[in-house]
Amino acid sequence: MQNAPAMKTIELVYFNAGGGHRSAAVALDTVIREQGLPWAVRLVNLFEVLDPRDVFGKTTGMKPEQYYNARLARGWTLGLGQELKLLQALIRLSHRTLRAQLQRYWQVTKPDLVVSLVPNFNRAMCQALAAARPKAPYVTILTDFADSPPHFWIEPHQAQHLICGTAKAAAQARAAGFNEQRLHRTSGMIVRPDFYRALNIDQRAERRKLQLDPERPTGLVMFGGHGSKMMRHIAKRLDDSQLILVCGHNFALADELRAMTSRAPRAVIGFSDQIHYFMQLSDFFIGKPGPGSISEAVQQRLPVIVTRNAWTMPQERYNTKWVEETGVGLVLESFRAIRPAVAELTTRLDEFRRRIAAVQNRAIFEIPEILERILQSDRGARHEARWAVGANSVA
């Protein structure tokens, strides 16, 4: 009797900068488990691999992602484009060290497939895996609507697979030398599986529980898991609009918002893993143009209001163009115009909802099927591994 094939080990690589990368990894892990696929899945924090003793944190008093998240909470995004270039330069200078460290790690953990959900480090990770595990495919899932070249998500001509959620990202991948065997399209961004499940709630009754008017149009204001001081300005300008304000881990901001007076009812929420629930109580979304926030709102059939200006992070600029191209919301130059924008959006809700209904994103369920096809194409994986090792010798 033949032995059953060994269970494949898949590593999902993330970091905590911004929260969206870890959220995408957890969502993918959840769906893989729900589908009962015969894989052993490991969630891997990249920074814990590169700095296992937390030397950076002990030296500076703050982990790298904590510094980034603190800037987001304060709204200090101006200049992040220049800082990104500096970070990428440091990564290039440290390439040999990073590659060697990752190679040693994968020689120990022996994954059959590595899936990156992070930007900037894909050259080092891909080359390290090819050296440590030549038969193991390397996959990058873009968790942004598009790449922000150079050397952000897509490394030109690199021997790996790319999973792209928009036509724009796929076009960028083709221009960077990826053929259809190594380029895989999904119908959108990764959204947590619970956003696809109907809660079957009585919206009017649930609004009353939050002391909200069940008849009044309701906006959900959210700026990621760490909030933003911009929420104070929005709350002041929308004094007569009913709002649910989700502040995440920013407890000081939540206290400030609760202390504010307003002419319309509002609910201030701290950190919550029930964003799905609060979206189902809302009619529209106001927030930063993050790929996760936009995708979650659209999945819940909420039109969005976001901004694009000098403070918009480079990797999020195309997200706002996608909102305009698909007609699922309004893009403002500044939240100073939020009051007339809300007035316009609420009078055109039916129009926006019709456009949103045309967006059918099933990416979270499509990706496991893509990964299964990649794992099954052993011959192609071996060919690509030889290609990658050859490329490493001249890197």
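By convention here, the first residue in the shown sequence is residue 1. From a predicted model like this one, the values you see are computed outputs, not experimental measurements.
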cation_pi(Arg192, Phe195) dist<6.0 Å, angle<=45: no
Could you verify whether a donor N or O on one side chain and an acceptor N or O on the other, from Trp153 and Asp144, lie under 3.5 Å apart? yes
For Gln127 and His95, does a side-chain donor sit closer than 3.5 Å to a side-chain acceptor? yes
Quick note, salt bridge (Lys or Arg N to Asp or Glu O under 4.0 Å) partners involving residues 26-37, not counting sequence neighbours, are Asp29-Arg33, Glu34-Arg197
Are Arg208 and Asp202 close enough for a salt bridge, meaning some N to O gap below 4.0 Å? no
Please walk me through it: do Lys8 and Leu113 pass side chain to side chain contact (heavy atoms under 4.5 Å, CB included)? CA-CA 8 Å; Lys8 299 290 186 181; Leu113 173 71; over 6 Å; no
Regarding Gln299 and Asn361, is there a side-chain donor-to-acceptor distance under 3.5 Å anywhere? no
Looking at Arg354 and Glu351, is there a salt bridge between them, counting it only when a charged N and a carboxylate O are closer than 4.0 Å? no
Anything under 30° is parallel, anything over 60° is perpendicular, the rest tilted; go ahead and classify His21 against Phe15. perpendicular
If the threshold is 4.0 Å, N to carboxylate O, is there a salt bridge linking Arg308 and Glu316? no
Which heavy atom in Asn309 sits nearest to a heavy atom in Glu333, and how many Å separate them? ND2-O, 2.9 Å
Set out, in order, the CA-CA distance, both residues' side-chain angles and the distance that settles side chain to side chain contact (heavy atoms under 4.5 Å, CB included) for Thr143 and Met189, then state yes or no. CA-CA 6 Å; Thr143 64; Met189 300 290 104; 5.5 Å; no
Please test His233 against Phe335 for side chain to side chain contact (heavy atoms under 4.5 Å, CB included), starting from the C-alpha separation and ending with a verdict. CA-CA 8 Å; His233 301 294; Phe335 280 118; over 6 Å; no
Tell me yes or no: between the side chains of Thr140 and Gln160, is some donor less than 3.5 Å from an acceptor? yes
Under 6.0 Å between ring centres, would you say that holds for Phe251 and Phe271? no
Salt-bridge criterion met for Glu11 and Arg42 (N-O under 4.0 Å): yes
Does a donor on one side chain sit under 3.5 Å from an acceptor on the other, for Gln280 and Gln203? no
Side chain to side chain contact (heavy atoms under 4.5 Å, CB included), that's the test. Do Ile286 and Val306 meet it? Break it down for me. CA-CA 6 Å; Ile286 302 171; Val306 295; over 6 Å; no
Distance check, rounded to the nearest 0.5 Å: Leu162 atom CG versus Tyr138 atom OH? 9.5 Å
Is a side-chain donor-acceptor pair under 3.5 Å present for Glu325 with Tyr318? yes
Using a strict threshold of under 4.0 Å (side-chain N to carboxylate O), is an ion pair present between Arg263 and Asp213? no
